[in-house]
Amino acid sequence: MEIFYQPHIDPEIESLIERIHPPRVCIENDSCRNCSVVKVDSANKNGILLDMVQVLTDLDLNISRSYISSDGGWFMDVFHVTDQAGKKLTDQNLMLHIQKALCAPRSKREGNAEVCKEPKSQQNVPKENTALEITGMDRPGLLSEISAVLVDLGCHVTSAMAWTHNDRAACIIYVEDAIKPGPINDPTRLARVEEQLETVVEAHRGKGERKSVRLTTFAAGRTHPERRLHQLMYADRDYESCRACHGDSSGEHKKGCDGTHVSVTKCEDKGYWVVQVRSRDRPKLLFDTVCVLTDMQYVVFHAAISSKKSIADQEYFIRHKGSNSTLDNKGEREKLILCLISAIERRVSHGSRVDIRTENRMGLLSNITRVLRENGLSISRVEFGTDGEKAVGTFFVTNSSGEEVNPSIAELVRQVCGGTVIIDHKSPHRVAPSSIQVEKESKIETEPRFSLGSMLWSQLERLSSNFGPIKS
């Protein structure tokens, strides 16, 4: 399955449009009691919605509500955001940083960490580094085997991210030469690394099993790592294993089901396809959804996102870039539904969260994952990186029954890595604090919901009139 990419656009033309019509960003705390409101007014261009959402999520802001309109040549968006504590934004430096990041040309947003903060797991990674992209069947101890091979080959892991979903695994690992910091450039050595990793990944492989190991050098402007993980898992077709109510194209919310529900219907009057998504709310939910729509070549013309209690509703008015008739095919509609469900569920973390912070050193990731493997634990998600001279990592682990782990594992990990080790047994579906009161729910509401589309048109007209110039 190939990954769809944006068509090439001459950077000079795109930058000219940005110079003629630079984005305007307004952040204010008066119109909403519990949230800060971020308004973006800009010339429309390919991928702008994902760019904006990426900036906000990389700054660890929670988006509880949003109204989007990009029909024609202009883009208008309103985000209701809070910080991680569920509070309004009051730090003037942070607000100025957001304005600069949202107004920065795309090239700067992609390549300049001073303009747009990178994910925590990717901070302080050299701008040029050897990267490994690995996909294949998930199994206990896979990451431990991979990291052990890298140590044996003299590769120092500077950063790593891994997701698992539907018995598939995808990871991106940044490595450098253990002796001389920097990318590994020797073709013979790179070929050996790739060969050894291929052997590890294809172990226990069944007939026809999909797997992939790819080495590359990421320079400034590389694809956002979390978006790249979405692309890798999409290419690995993890969505094909979605079953039961998750693949119900009718979008009906079955009684007693708290899963993710997606429906795709046609809006005959406007020529749009309407995608409605209901799921449990969580951080980065909007980013994950927009990533898939963008990479599957769907353009979002209008959208409304809202969260109530612990449930998020998203409604998108889309068209396909190539042909709007693509979704006339029932198979394509079902594929879009399953891909959206997979994108939402990939980041749901099962088991216990293990946070570590210790001195960075050669073989650290290998030692940690070895201890987890030797104690019969499986890793469902990983973020591992550096913060100055420190190594910082988050591991979501389960035992053989898929349950939470014994707290004593913290001491075992501490013995091999030192530093601080904390185990968090909070629910993997926990919703981050937001401006909307969160109530404990065991099931998704089943009563009929209102259409966000009916609210969208009136809101956009009112909100667009509130855009004004930024005071310098």
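Residue numbers count from 1 along this sequence.
In this structure, the side chain of Ser36 engages the main chain of Leu89 through a donor-acceptor pair within 3.5 Å. The closest donor-acceptor contact from the side chain of Asp177 to the backbone of Ile179 lies under 3.5 Å. The closest donor-acceptor contact from the side chain of Thr130 to the backbone of Ile184 lies under 3.5 Å. Between the Ser310 side chain and the Arg280 main chain, no donor and acceptor come within less than 3.5 Å of each other. For Ser380 (side chain) and Phe396 (main-chain N/O), a donor-acceptor pair under 3.5 Å exists by modelled atom type. Checked by atom type and distance alone, the side chain of Arg414 never pairs as donor or acceptor with a backbone atom of Ile409 at under 3.5 Å. No donor-acceptor pair under 3.5 Å is formed between the side chain of Asp236 and the backbone N or O of Leu232. One N or O on the side chain of Thr158 and one on the backbone of Tyr174 form a donor-acceptor pair closer than 3.5 Å.
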Under the criterion side chain to side chain contact (heavy atoms under 4.5 Å, CB included), I'd like the reasoning laid out for Thr265 against Gln276: C-alpha separation, chi angles, the key distance, then a yes or no. CA-CA 9 Å; Thr265 56; Gln276 293 182 315; 5.6 Å; no
Practice task
Test Leu50 against Arg227 for side chain to side chain contact (heavy atoms under 4.5 Å, CB included), laying out the working first.
Solution key: CA-CA 10 Å; Leu50 181 56; Arg227 181 182 179 187; 3.6 Å; yes
Test salt bridge (charged side-chain N to carboxylate O under 4.0 Å, His left out) applied to Glu194 and Arg192, step by step: CA-CA 5 Å; Glu194 187 170 4; Arg192 188 181 175 206; over 6 Å; no
Assess whether side chain to side chain contact (heavy atoms under 4.5 Å, CB included) is satisfied between Tyr67 and His80, documenting all intermediate values. CA-CA 9 Å; Tyr67 306 102; His80 291 223; 4.2 Å; yes
### Message
Between Ser212 and Glu133, does the side chain to side chain contact (heavy atoms under 4.5 Å, CB included) criterion hold? Intermediate values first, please.
### Response
CA-CA 8 Å; Ser212 173; Glu133 296 181 344; over 6 Å; no
- Under the salt bridge (charged side-chain N to carboxylate O under 4.0 Å, His left out) rule, what do Arg139 and Asp167 come out as? Steps first, then yes or no, please. CA-CA 8 Å; Arg139 68 174 188 273; Asp167 297 322; over 6 Å; no
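Under a 4.0 Å N-O distance rule, the pair Lys284/Glu226 qualifies as a salt bridge. Salt bridge status for Asp83 with Lys88: absent, with no side-chain N to carboxylate O gap under 4.0 Å. Taking 4.0 Å as the cut-off between side-chain N and carboxylate O, Asp355 and Arg357 do not count as a salt-bridged pair. Here Asp313 pairs with Arg278 in a salt bridge; the nearest charged N to carboxylate O distance falls below 4.0 Å. Salt bridge status for Lys309 with Asp281: absent, with no side-chain N to carboxylate O gap under 4.0 Å.
Heavy atoms only, all atoms of each residue included: Ala162 and Cys171 are closest at CB-CB, 3.6 Å. Closest non-hydrogen pair, Arg189 versus Cys155, comes out as NH2-N, 4.2 Å. Annotation for Gly363 and Val151: closest pair CA-CG2, 3.7 Å, computed over non-hydrogen atoms. Across all their heavy atoms, Gly351 and Thr398 have their closest contact at CA-CG2, 3.3 Å. When all heavy atoms of Pro407 and Ile423 are compared, the pair lying nearest together is O-CD1, 3.8 Å. Nearest heavy atoms, Glu359 versus Arg361: O-NH1, 3.3 Å.
Between the side chains of Ser144 and Arg370, not a single donor N or O lies within less than 3.5 Å of an accepting N or O. Looking at Asp77 and Ser66, their side chains do bring a donor and an acceptor atom within 3.5 Å of each other. The closest side-chain donor-acceptor pair between Ser307 and Ser64, if any, does not fall under 3.5 angstrom. Glu389 and Asn360 share no donor-acceptor pair across their side chains, judged by distance under 3.5 Å alone.
The distance between the ring centers of Phe287 and His224 falls below 6.0 angstrom. Ring pair Trp273/His320: centre-to-centre distance not below 6.0 Å.
In this structure the side chain of Leu286 never reaches within 4.5 angstrom of the side chain of Thr57, judged on heavy atoms. Proximity of Ile356 to Ile422: side-chain heavy atoms (C-beta onward) are nowhere separated by under 4.5 Å. Contact annotation: the side chain of Val175 approaches that of Ile173 to within less than 4.5 Å [non-hydrogen atoms, C-beta and beyond]. Taking 4.5 Å as the limit, some side-chain heavy atom of Leu150 sits within range of a side-chain heavy atom of Leu132. Two residues are said to be in side-chain contact when any heavy atoms from C-beta on lie closer than 4.5 Å; Thr82 and Leu61 fail this criterion. Side-chain contact between Gln415 and Val413 is absent, with no heavy atoms from C-beta onward closer than 4.5 Å.
Ring planes of Phe395 and Phe384: tilted class, angle from 30 to 60°.
Here the CD atom belonging to Gln99 is positioned 10.5 Å from the CG atom belonging to Leu94, to the nearest 0.5 angstrom. Rounded to the nearest 0.5 angstrom, Cys291 SG and Leu49 CG are separated by 10.0 Å. The distance from atom CD1 of Ile311 to atom OG of Ser306, rounded to the nearest 0.5 Å, is 11.5 Å. Atom CD1 in Ile48 sits 11.0 Å away from atom CD1 in Ile68 (nearest 0.5 Å). Taking NZ of Lys390 as the start and OG1 of Thr420 as the end, the distance is 7.5 Å to the nearest 0.5 Å. With rounding to the nearest 0.5 angstrom, the CD atom of Glu198 is 11.0 Å from the CD atom of Gln196.
A side-chain hydrogen bond (donor to acceptor under 3.5 Å, both in side chains) with Arg346 holds for exactly one of Asp238, Asp288, Thr164, Asn166; it is Asp238.
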